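Reading through the structure tokens given below for one structure.
Since the structure is predicted, the reported quantities are computational estimates derived from the model, not experimental observations. Chain letters run A, B, ... following the sequence lines, proteins first, then strands; residues in each count from 1. In what follows, every heavy atom counts, from backbone to side chain, and hydrogens, waters and symmetry copies are set aside.
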There are 2 protein chains.
Amino acid sequence: MSRSRTTVVDIAHAAGVSKSTVSLVLQGSPLVNEKTREKVNSVIADLGYIYNRGAANLRQARSKIVGIVVNDLTNSFFAELAVGMDMVVQSAGYVQFLAHSGESVDRQREVIASMRENGIAGLILSPARGTEAADLKPLIDSGIPVVVVVRNLPGAKVSTLLSDNYTGAKAAVRHLVSLGHRRIGFMGGFIDTAVFAERLRGYRDALQEAGIAADDALIIHSAPSRAGGVAAVERMMLHPDRATAALCLNDAVAFGVCDGLRSVGIDPGKGFGVIGFDDVIEAKTAVPALTTVSVDPQGMGQRAAQLLLKQINAGGNEQESLVTSVRLVVRQSCGAPVRNNYLEEMA
Amino acid sequence: MSRSRTTVVDIAHAAGVSKSTVSLVLQGSPLVNEKTREKVNSVIADLGYIYNRGAANLRQARSKIVGIVVNDLTNSFFAELAVGMDMVVQSAGYVQFLAHSGESVDRQREVIASMRENGIAGLILSPARGTEAADLKPLIDSGIPVVVVVRNLPGAKVSTLLSDNYTGAKAAVRHLVSLGHRRIGFMGGFIDTAVFAERLRGYRDALQEAGIAADDALIIHSAPSRAGGVAAVERMMLHPDRATAALCLNDAVAFGVCDGLRSVGIDPGKGFGVIGFDDVIEAKTAVPALTTVSVDPQGMGQRAAQLLLKQINAGGNEQESLVTSVRLVVRQSCGAPVRNNYLEEMA
DNA sequence: AGATATAATTGGAACGTTCCAAATATGTCA
DNA sequence: TGACATATTTGGAACGTTCCAATTATATCT
């Protein structure tokens with residue numbers, strides 16, 4: 001219907017200059033005379049010209065596109081992470097392919113391949129469960145910068161951005177201990193993820209440090225979701241000598257645990273202390289407000305994106321591994337009186 | 001560092017054929033002899049060739065990329081919507097630029113412009129508040145198919161996929177009436193969105209139908225989020241003759257309302273009937289499980305993507321407007337005994 | 001005015017693919 | 001075997017940009 005796309009040549013013709021000059025204008029080169037720049041720009045506006053970035057990429061062998069693959073976009077933690085990335089990617093003049101792997105390594109492989117064919121300049125990956133370092137080898141060898149976030153991928157030669165899961169979990173459990181709890185559970189998560197392992201280790205070390213004997217019956221696996229949290233509580237209730245408080249794998253599980261407690265008549269925060277991990281936005285407004293280890297997912301997403309962009313611009317491929325620090329935010333769900341040093345700033 | 005990209009010419013050379021033949025193989029053309037196809041494919045595998053879709057797009061003047069712009073990715077409704085789209089887009093061999101406008105029309109404009117420069121074949125937009133039909137005019141005029149979802153954009157010549165907000169809201173209020181409620185509120189949402197207007201209209205008509213006088217004091221605006229729901233309850237409590245039940249703009253508000261009720265000592269589902277809208281995944285597992293109007297966000301995303309792909313393949317630009325039907329799913333939050341005809345199937 | 005420096009502009013080749021028209025190989029029939 | 005049909009292969013032009021080296025216009029200096 002509409003006739004063929006207007007191109008630099010059309011602009012050049014209409015403005016009475018060469019296509020090279022138009023190209024210089026498009027790139028904001030200082031070489032071009034102010035007068036002609038204005039002329040060209042006005043013609044561009046008149047003709048409704050749309051820059052063809054694909055053609056430019058072809059010539060320049062680089063693009064302004066990054067790929068982001070996230071294991072579960074329906075989990076608010078990852079959604080916020082993605083939003084953080086979106087912010088910095090976008091304001092750096094890039095666009096992102098953003099895909100959801102749904103924890104499927106096959107899907108993840110496919111989507112990464114597709115992104116590669118489409119010429120991404122770099123990739124941020126929150127790996128699906130079961131991803132191996134070898135899966136990323138070809139991509140990395142081709143010189144495309146990769147940043148792995150949230151879940152560690154030991155052995156992969158990539159930059160990594162993780163949260164300090166160990167320290168965070170330890171702090172949370174210490175807090176529960178300081179409130180007088182002795183039977184403290186760990187709820188949610190599957191054993192095969194690095195995040196689970198690290199948080200569990202923090203939990204264990206804190207218990208040991210407090211001289212509390214470990215009891216594996218208090219560690220209850222479940223899906224790392226709200227539904228998983230509900231299920232975990234059900235399972236917990238079967239145990240005669242159940243926990244009086246728990247650190248949950250993440251906030252989603254913690255919310256589920258609160259739901260589950262309520263449905264068996266226990267008031268979360270009063271009858272049972274609950275601590276989450278992540279600090280998603282709902283944590284603050286939930287009732288009871290969730291005590292949680294704040295990871296600042298959005299900020300983490302921003303940092304990941306910054307790291308990737310830095311890597312892309314540097315060209316070199318030296319990896320960098322960052323661990324972002326976390327802090328315990330004490331709210332109502334653990335039953336604690338809010339202490340000053342933990343006092344949360346108002347939003 | 002790594003030497004220049006391997007290209008069809010390299011493959012052709014190594015396989016002893018012409019680049020044209022390699023191209024035919026890549027496109028799965030039936031013209032090429034089985035023997036040579038195998039040869040070429042093996043060389044492709046050996047050399048680790050990566051198809052350059054950008055170059056192909058340039059030549060063909062069409063791409064396998066779609067754009068998706070969503071107003072708020074941190075809202076699970078939209079996250080699920082995006083995941084639904086992701087599914088069908090991906091399995092159709094496309095990739096998506098997926099961006100978050102954060103309800104900013106400026107940001108939305110920028111990101112759509114950027115996607116256009118990058119050669120999207122079509123766009124799915126869940127418009128930011130304040131988007132006008134005119135904003136999409138240039139894009140549409142250029143012949144790129146656009147599908148608008150969730151929020152209507154009157155006057156825009158685009159395909160649209162909406163949920164039946166009016167009927168859903170009406171059904172929800174009817175249900176509350178059938179439970180004996182007379183003072184029924186409408187909570188959450190800003191007045192300037194079409195979704196709000198439609199659901200409110202359903203609410204009003206259902207009340208009228210039941211012979212209940214409208215009382216604007218029962219309509220409480222707030223942000224369409226969990227925090228907004230909490231705030232709405234606070235405001236509601238100031239009213240001497242408060243509601244005994246409410247239809248909420250969406251599930252996020254409904255969850256917030258439940259939180260807010262709890263914090264003033266009211267047990268949601270018992271002391272106050274709450275109905276949401278959307279049926280996000282947490283609705284089922286929340287405690288109390290949320291009675292809500294099910295929109296099936298993921299399914300809606302899938303349908304939107306299918307609609308767009310159909311449009312892209314058809315080439316023509318006749319618009320199509322679909323309204324997806326919704327159904328009331330009665331769970332615990334409205335205090336109703338679960339009735340058979342509404343009984344929810346197990347997942 | 002002529003030489004020289006500096007500012008601004010420019011034509012063509014190149015990026016990696018697809019498409020077309022044309023060429024070549026292979027098979028079939030009388 | 002020659003004519004014809006069919007199957008397979010192939011060079012080059014084209015897509016819309018950027019880059020380079022080279023050219024032309026303008027300013028500056030003696």
Taking [atom1] from [X] and [atom2] from [N], how many angstroms apart are they, rounded to a whole number?
X      : N       : atom1 : atom2 : value
I50(A) : dT17(D) : CD1   : P     : 11 Å
R62(A) : dC15(C) : CZ    : P     : 15 Å
L26(B) : dT17(C) : CG    : C1'   : 9 Å
Q60(A) : dT18(D) : CD    : P     : 6 Å
L31(B) : dC19(C) : CG    : P     : 12 Å
K35(A) : dA25(D) : NZ    : P     : 18 Å
R5(A)  : dG16(D) : CZ    : C1'   : 8 Å
R37(B) : dT8(D)  : CZ    : P     : 10 Å

Could you check E103(B), Q108(B), H100(B) and say which one makes a side chain to side chain donor-acceptor pair (under 3.5 Å) with N71(B)?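 The side chain to side chain donor-acceptor pair (under 3.5 Å) with N71(B) is passed solely by E103(B) among E103(B), Q108(B), H100(B).
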Would you tell me if any nitrogen or oxygen in the side chain of [X] comes within less than 4.0 Å of OP1 or OP2 on [N]?
X      : N       : answer
S23(A) : dT18(D) : yes
Q27(A) : dC19(D) : yes
T7(A)  : dC15(D) : no

Look at the side chain of R59(B) and the base of dT17(C), then say whether one donor and one acceptor between them are separated by less than 3.5 Å.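 No pair found.
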Hey, is the side chain of S18(B) pairing donor to acceptor with the base of dG11(D) inside 3.5 Å?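 It does not, because no donor-acceptor pair links the side chain of S18(B) to the base of dG11(D) below 3.5 Å.
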If you pin P30(A) and K19(B) to their nearest nucleotides in DNA chain C, which one's is more 5'?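 Per heavy-atom nearest nucleotide, the more 5' residue is P30(A).
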Closer than 3.5 angstrom, by distance alone: can the side chain of N75(B) be matched with the main-chain N or O of D72(B) as a donor-acceptor pair?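 No.
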Are V147(A) and T160(A) close enough that some pair of their side-chain heavy atoms sits under 4.5 Å apart?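 A side-chain contact under 4.5 Å is absent here.
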With the side chain counted from C-beta on, respond yes when K310(B) and E320(B) share a heavy-atom pair under 4.5 Å apart, and no when they do not.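 They are in contact (side-chain heavy atoms under 4.5 Å apart), so the answer is yes.
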Among the nucleotides [options], which one has an atom lying closest to any side-chain atom of [X]?
X      : options                   : value
L24(B) : dT17(D), dT10(D), dT17(C) : dT10(D)
S20(A) : dT10(D), dA13(D), dC19(D) : dC19(D)
N33(B) : dC15(C), dC19(C), dT9(D)  : dT9(D)
Y51(B) : dT17(C), dT18(D), dG16(D) : dT17(C)
T21(B) : dC15(C), dT10(D), dT9(C)  : dT10(D)

Between E110(B) and R107(B), does a salt bridge (Lys or Arg N to Asp or Glu O under 4.0 Å) hold up when you go through it step by step? CA-CA 5 Å; E110(B) 279 168 25; R107(B) 207 175 170 71; 5.5 Å; no
Search all heavy atoms of L136(A) against all heavy atoms of L153(A) and return the closest pair with its distance.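 Heavy atoms only, the tightest pair is CD1-CD2, 3.5 Å.
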Scan A56(B) against the nucleic acid and name what it touches under 4.0 Å (heavy atoms): base, sugar-phosphate only, or nothing.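 Result for A56(B) = sugar-phosphate.
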Given DNA chain D, 5'-ward residue of the pair V32(B) and A55(B), judged by closest heavy atom: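 Looking at the nearest nucleotide for each, V32(B) comes out on the 5' side.
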